[in-house]
Amino acid sequence: MAFPITRLRRLRQNEQIRSLVRETQLTPGAFVYPMFVCPGEGIRKEVGSMPGVFNLSVDEAIKEARNVYSLGIPSIILFGLPTKKDEVATGAWADDGIVQQATRAIKREIPKLLVMGDVCLCEYMSHGHCGIVRAAKAQSLGAAVAEPPAAATDFEIVNDASLELLARTSVSLARAGVDIIAPSDMMDGRVAAIRKGLDDAGLINTPILSYAAKFASGFYGPFREAADSTPQFGDRRSYQMDGANIREAMREIELDIEEGADMIMVKPALPYLDVIAAARDRFDLPLAAYQVSGEFAMIEAAARNNWIDHDRVMMESLISIRRAGASIILTYFAKAAARLLA
Ligand SMILES: [Zn+2]
């Protein structure tokens with residue numbers, strides 16, 4: 001039956017009817033709020049390109065975490081800014097690493113807040129890459145770590161040797177109290193290596209949320225300022241995915257599931273909604289999407305210029321990620337959106 005019998009506008013007449021027939025709902029229970037912890041005390045340093053997002057010392061991170069939890073947001077994800085960086089990412093896996101310290105403190109104060117630990121090496125490596133770097137011509141791994149390349153040309157991100165550090169980092173984070181391990185490095189085989197590391201350490205109940213399809217993206221720019229993780233040479237295109245490839249994204253996700261991922265993630269979100277939708281269609285694991293720093297910064301900047309309505313565009317972007325099929329959304333808007341939803 002077509003017009004004039006069928007009139008779709010009947011169900012759009014007022015907010016009550018629109019609410020009744022709304023297909024997709026947002027709730028604070030779906031949000032994960034990313035936080036950046038740094039050494040020191042009383043530090044609350046705003047990230048220039050991310051208004052309202054801060055580098056927080058542990059004492060300030062506790063306050064922020066309490067605020068997040070009080071808004072009905074069940075989870076945070078922690079990134080760390082270590083005092084020192086080196087060639088083996090010591091700050092990522094050390095017992096007294098900055099994220100380990102923050103986790104212990106936050107879990108002590110707010111035990112019910114889920115703490116996710118981002119597992120990567122870039123924030124802790126002097127060169128800013130997500131794995132061990134060696135000169136392409138180096139003959140042995142030992143030589144590679146001892147003599148990292150100075151120039152952009154002759155280097156390689158070593159896959160298999162990096163897995164050991166990723167597993168070690170995951171065990172260290174889980175022992176500190178991290179509830180969910182979230183590897184974001186995009187090395188091949190990392191989920192299996194992390195699962196084995198956790199299981200060997202008796203941490204059989206710690207779930208893995210893998211950044212399964214993480215694309216090399218220009219939208220990560222502001223994050224690199226927030227986490228001080230810009231690569232000192234080269235870029236990340238030899239390990240993060242090519243933005244043109246959706247079939248390869250499905251293979252990445254499939255492999256992570258085979259290796260033992262409990263949940264999967266697509267990152268970034270808005271430029272990859274089709275990937276989220278395809279993943280939702282194809283896989284039955286809980287699916288997360290990361291609305292990244294650049295997505296956040298664009299909306300903040302345009303709203304500051306009065307070019308768009310901040311709250312409206314924020315909610316529209318979040319509902320679109322949800323509609324595409326993500327049940328979990330990592331977003332810097334978590335607090336603002338939760339306030340609007342309350
Ligand atoms: Zn990384």
Glu225-Ser49 side chain donor-acceptor pair, cut-off 3.5 Å: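 A pair is found: one side chain offers a donor N or O, the other an acceptor, under 3.5 Å apart.
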Got a sec, which residues hit side chain to side chain donor-acceptor pair (under 3.5 Å) with Ser327, two or more places apart in sequence or on another chain?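 Result, side chain to side chain donor-acceptor pair (under 3.5 Å) vs Ser327: none returned.
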Find out whether [X] and [Y] are in side-chain contact, i.e. whether some heavy atom of one side chain is under 4.5 Å from a heavy atom of the other.
| X | Y | result |
| --- | --- | --- |
| Phe36 | Phe54 | no |
| Gln291 | Leu318 | yes |
| Met187 | Leu163 | yes |
| Ser320 | Leu270 | yes |

Would the distance check show the side chain of [X] and the main-chain N or O of [Y] forming a donor-acceptor pair, the cut-off being under 3.5 Å?
| X | Y | result |
| --- | --- | --- |
| Asn159 | Asp188 | yes |
| Lys107 | Leu113 | yes |
| Thr206 | Ala174 | no |
| Gln232 | Thr230 | yes |
| Thr169 | Leu165 | yes |
| Tyr239 | Cys130 | yes |

Between [Y] and [X], is the closest basic N to carboxylate O distance under 4.0 Å?
| X | Y | result |
| --- | --- | --- |
| Asp59 | Lys63 | no |
| Asp185 | Lys214 | no |
| Arg104 | Glu109 | no |
| Asp95 | Arg175 | no |
| Asp199 | Arg195 | yes |
| Glu248 | Arg251 | no |

side-chain contact (heavy atoms from CB on, under 4.5 Å) evaluation trace for Arg224 with Glu123: CA-CA 9 Å; Arg224 290 179 186 171; Glu123 296 131 74; over 6 Å; no
[X]/[Y] aromatic ring centres below 6.0 Å:
| X | Y | value |
| --- | --- | --- |
| Phe155 | His127 | no |
| Phe31 | Phe333 | no |
| Tyr33 | Tyr332 | no |

Might you work through the side-chain contact (heavy atoms from CB on, under 4.5 Å) test for Tyr220 and Arg236, ending with a clear yes or no? CA-CA 11 Å; Tyr220 302 149; Arg236 299 201 166 111; 5.7 Å; no
Apply side-chain hydrogen bond (donor to acceptor under 3.5 Å, both in side chains) to Asp86 and Ser126, showing your working. CA-CA 5 Å; Asp86 58 26; Ser126 42; over 6 Å; no
Please name all residues satisfying side-chain contact (heavy atoms from CB on, under 4.5 Å) with Ala167, sequence neighbours left out, ordered by chain then number.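 In terms of side-chain contact (heavy atoms from CB on, under 4.5 Å), with neighbours along the sequence ignored, Ala167 is linked to no residue.
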Test of understanding: with side-chain contact (heavy atoms from CB on, under 4.5 Å), list the residues that count as partners of Asn67, not counting sequence neighbours.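 Result, side-chain contact (heavy atoms from CB on, under 4.5 Å) vs Asn67: Glu64, Ser70, Leu71, Lys335, Arg339.
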